[in-house]
Amino acid sequence: MPRDNRAPKPDAPVYTGPERLQKVLAAAGVGSRRACEDLIFRRRVTVNGRVAQLGDRADPTSDTIHVDGERLQADTRLVYLAMNKPRGVVSTMADEKGRTAIADFLGNRVEQRVYHVGRLDADSEGLLLLTNDGTLAHRLMHPSYGVPKTYLCEVSGPIPRSLGRRLAAGVELTDGPATVDAFRLVDTLGKTAQIEVTLHEGRKHIVRRLLDAVGHPVSRLVRTSIGPIRLGDLRAGRTRRLTNAEVAALFKAVGD
């Protein structure tokens, strides 16, 4: 079994309706209640598009709150996790064939039931987002929002100088053309090379199919970022909770 090193289970409050705004902000981790009162006094907080005032109340389950123009997810029952999916793990919460799945790395340390945002095939590794925020998950996966994803790929070399331009111009696949938003040669390793590609669509095996079509099949694929969220030094099999700033950046990436 994977080592138990996951995010701790939060004490999620039970909301019964609107509460004092400074209490809602403090519960969401913005700061102490006194610091939150100062933010409200300085007109740095809005609720549903209106500048908040001291004494205002807000419902964290339904009101839209911004601090300094950034969306605050005040409903602390919602969970946002980053995971470094290891190679060989299937992108499902449970697998009927008994293969190692995402839930095997969560155990009972996360009380809320979370779902993966998009997929990585079993042979791929790297960043997955897990959440119980269905609205945000839908927007992150929907191609119309254009959230970019970056992959580090080990491919057969050598890499011609024209490859980046060719990928940006578009490559015809069996289900239609595919293009990359960005391309970078990272390193050359004998007969193999490491390249970084960024694209915003999520068709099945799109990166592998795209690079195979131009004569550079992928031997290793690691997703390193989804929108503003980066894999960083998160070790394989580990998860971490996203910060308030990271959650706000995800909302901004989908236009909220």
Closest approach of H116 and T92, non-hydrogen atoms and distance?
NE2-CA, 3.8 Å

Find out whether L211 and C153 are in side-chain contact, i.e. whether some heavy atom of one side chain is under 4.5 Å from a heavy atom of the other.
yes

Does N132 reach the main-chain N or O of V79 with its side chain, forming a donor-acceptor pair under 3.5 Å?
yes

Per the side-chain contact (heavy atoms from CB on, under 4.5 Å) rule, which among D175, L173, V197 passes with I206?
L173

Just by distance, do the side chain of N244 and the backbone of A28 share a donor-acceptor pair under 3.5 Å?
yes

Assess the residue pair R220 and E125 against the criterion (salt bridge (charged side-chain N to carboxylate O under 4.0 Å, His left out)); give the C-alpha distance rounded to whole Å, side-chain angles, the decisive distance to 0.1 Å, and a yes or no.
CA-CA 8 Å; R220 185 184 181 192; E125 54 197 289; 3.1 Å; yes

Spell out, as yes or no, whether a donor-acceptor pair under 3.5 Å connects the side chain of R33 to the backbone of K23.
no

Closest approach of L185 to Q194 (non-hydrogen atoms, all atoms of both residues)
CD1-O, 3.6 Å

Sequence neighbours excluded and cut-off under 3.5 Å, please list the side-chain donor-acceptor pairs for residues 44-56, or say none.
unit_1: R44; atom_1: NE; unit_2: D68; atom_2: OD1; d: 2.8
unit_1: R44; atom_1: NE; unit_2: D68; atom_2: OD2; d: 3.4
unit_1: R44; atom_1: NH2; unit_2: D68; atom_2: OD2; d: 2.7
unit_1: N48; atom_1: OD1; unit_2: T64; atom_2: N; d: 2.8
unit_1: N48; atom_1: ND2; unit_2: D63; atom_2: OD1; d: 2.9
unit_1: R50; atom_1: NH2; unit_2: D56; atom_2: OD2; d: 3.0
unit_1: D56; atom_1: OD2; unit_2: Q53; atom_2: N; d: 2.8

State the CD-OG distance between Q22 and S32, to the nearest 0.5 angstrom.
10.5 Å

Residues at least two apart in sequence or cross-chain that pass side-chain contact (heavy atoms from CB on, under 4.5 Å) with P228, listed by chain then number, are A249, L250, A253

Hey, quick one: are L78 and M83 part of the same hydrophobic cluster, counting side-chain heavy atoms closer than 4.5 Å, chains of contacts allowed?
no

Roughly how far, to the nearest 0.5 Å, is the CG atom of L221 from the CG atom of D123?
10.0 Å

Co-membership, hydrophobic cluster, residues L231 and Y80, 4.5 Å side-chain
yes

N/O donor-acceptor pair under 3.5 Å between R208 side chain and S219 backbone:
no

Do you see a donor-acceptor pair shorter than 3.5 Å between the side chains of T131 and D133?
no

NZ/NE/NH1/NH2 to OD/OE distance under 4.0 Å, R34 and D38
no

Taking every heavy atom of L242 against every heavy atom of A82, the minimum-distance pair comes out as CD2-CB, 3.8 Å

When you measure from the side chain of Q73 to the backbone N and O of D75, does any donor-acceptor pair fall under 3.5 Å?
yes

Crowded around R20 CZ? As in, over 12 foreign heavy atoms under 6.0 Å?
no

Run the side-chain contact (heavy atoms from CB on, under 4.5 Å) test against E70 and tell me which residues pass, sequence neighbours left out.
A248

Do the non-hydrogen side-chain atoms of Y145 and L140 ever get within less than 4.5 Å of each other?
no

Taking only residues at least two apart or on different chains, which pairs with a member in residues 222-234 satisfy side-chain hydrogen bond (donor to acceptor under 3.5 Å, both in side chains)?
T150-S225, Y151-R223

Run R240 and E246 through salt bridge (charged side-chain N to carboxylate O under 4.0 Å, His left out) and show every step you take.
CA-CA 12 Å; R240 68 173 180 84; E246 287 177 316; 2.8 Å; yes

Side-chain donor/acceptor of K85 to backbone N/O of S124, under 3.5 Å
yes

By ring pair (Phe, Tyr, Trp, His ring centres under 6.0 Å) - contacts of H200 (at least two apart):
none

Could you tell me if the side chain of I195 sits less than 4.5 Å from the side chain of V186, heavy atoms only?
no

Quick check on the hydrophobic clustering: are V90 and M93 connected, directly or via other members, by side-chain heavy-atom contacts under 4.5 Å?
no

Please tabulate, for side-chain N and O atoms in residues 159-172, each donor-acceptor pair with protein atoms closer than 3.5 Å (sequence neighbours left out).
none

Are the side chain of S91 and the backbone of D121 linked by a donor-acceptor contact shorter than 3.5 Å?
no

